[in-house]
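First comes the structure, then the notes that go with it.
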Amino acid sequence: MNSKNENDFYLKVGETNLHLTNQNKIYFPGDGISKGDILNYYNEVSTLIVPYLKDRPESMNRFPNGINGASFYQKDMDLEKIPSWLKTEKIYSESNDKYIDYLLCNDKATLLYMANLGCIEFNPWNSTIKKMDKPDWAVIDLDPAKNDFKEVVKTALTVKKIMDELETECYCKTSGATGLHVYIPLGNQYRYDTVKLFSELIANKVVERLPEIASITRPIGNRGNKIYIDFLQNRQGQTLASAYSVRPRPGATVSTPLEWEEVNEKLSPAKFTIKNVLKRFDKKGDLWKPVLGKGANLELILKKISENPTH
DNA sequence: GTGCTAA
DNA sequence: TTAGCACAACGCTTA
DNA sequence: TAAGCG
Ligand SMILES: [Mn+2]
Ligand SMILES: [Mn+2]
């Protein structure tokens, strides 16, 4: 239970004594960023990120040998083998007719435990175990093909424009990879199928206004070089990288909450990395706080759509 | 990355 | 004590 | 039913 060396040691987090291994292993070969650097980042940012993970089942995407090594997903925890202090939730899986013990990342100790398992990124559900079938937001997930990022910006601003017309707040962040995420807070009031239908409605309006740039066609081969507006993420069990999550990509980019004023032709998502975002977060605070708030009234939004001739 | 088993 | 090994996803949509 | 997709 004692410290060994700087590569393999125990860290006391609250009541928990965490065994951290291979802290010197390079996870990002092009950047010289180690597993320990990732752990340090999450240690610093825990109070910002944990609210977006709390009580949400996790799809772990593990990279035990760094971003160029083999990776795998893990959802089911073996309750016989994991530490008893971890919080899990048993959820029935229809496709396999069995129960899955999902891990819940509810505190800093779990955050660092998962990072030590090789979880570079955090992929929580859009709903919590409190209301499993009712997501806290609608997701408009913008996934570019080989588009100029200016087109992604243009698409996000079109989502914003439509939501402005409907007098409804929405919030933007970089995905940390190539795209952008726009979330519309809904405060776990509506079921996934309802929220998915709403998102599809918005996605269709975007494609109507930007037919050359955006698409909701699922098969890549039929999509052309267009930005995929992925409304299908609004389903139980589907996940997106959370706000403040690192991504397993060169540079160790971070999914970074943005002010809408920053969503302009100068925006470059590769600029936000673990090497510089902490300073930004100190300055800006949690720009996404309202995403966890009360949420909009969907009935009211749909009423506005039906009454507005431009919709 | 971890935990179990066979050597 | 250790080298070797098994094991770690789902829920749709679309053809 | 199987493959594709994120
Ligand atoms: Mn995306
Ligand atoms: Mn997507």
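Only this structure's heavy atoms are used, side chains among them; waters, hydrogens and symmetry mates stay out. Naming convention: chains lettered A, B, ... in sequence-line order (proteins, then strands); numbering from 1 in each chain. These numbers were taken from a predicted model, which means no experiment stands behind them.
- Distances shorter than 4.0 Å separate none of the side-chain N or O atoms of A:R223 from OP1 or OP2 on C:dT13.
- Nearest approach of A:L298 to A:Y190, heavy atoms of both residues: N-OH, 2.9 Å.
- Among the protein residues, A:S59 comes within range of no part of the nucleic acid, since none of its heavy atoms lies under 4.0 Å from any strand.
- With the nearest nucleotide of DNA chain C identified for both A:Y102 and A:P219, A:Y102 has the one nearer the 5' end.
- At the heavy-atom level, A:D143 lies under 4.0 Å from the strands shown only through sugar-phosphate atoms.
- Residue contacts shown for A:Q233 are limited to sugar-phosphate atoms, with no base heavy atom under 4.0 Å away.
- A:I82 has its CD1 atom 19 Å from the P atom of C:dC7, to the nearest Å.
- A sub-4.0 Å separation between OP1 or OP2 of C:dA9 and a side-chain N or O of A:S95 is absent.
- If you check every strand for non-hydrogen atoms under 4.0 Å, A:N222 touches sugar and phosphate atoms only.
- Counting any heavy atom pair closer than 4.0 Å across all strands shown, A:T239 reaches no nucleic acid atom.
- Taking a cutoff of 4.0 Å between a charged side-chain nitrogen and a carboxylate oxygen, A:E200 and A:K196 do not qualify as a salt bridge.
- The pair A:R209-A:E165 meets the salt-bridge criterion, since a charged nitrogen lies less than 4.0 angstrom from a carboxylate oxygen.
- Considering only side-chain atoms of A:R62, the nucleotide from D:dG6, C:dA8, C:dT13 that sits closest is C:dA8.
- In this structure, A:I220 reaches the sugar-phosphate backbone alone: every heavy-atom distance under 4.0 Å involves primed, P, OP1 or OP2 atoms, never a base.
- Taking CG of A:L39 as the reference point, atom CE of A:M114 lies at 12.5 Å (rounded to 0.5 Å).
- Residue contacts shown for A:K75 include a base, since a base heavy atom lies under 4.0 Å away.
- Under 4.0 angstrom from either OP1 or OP2 of C:dG11 there lies no side-chain N or O belonging to A:N96.
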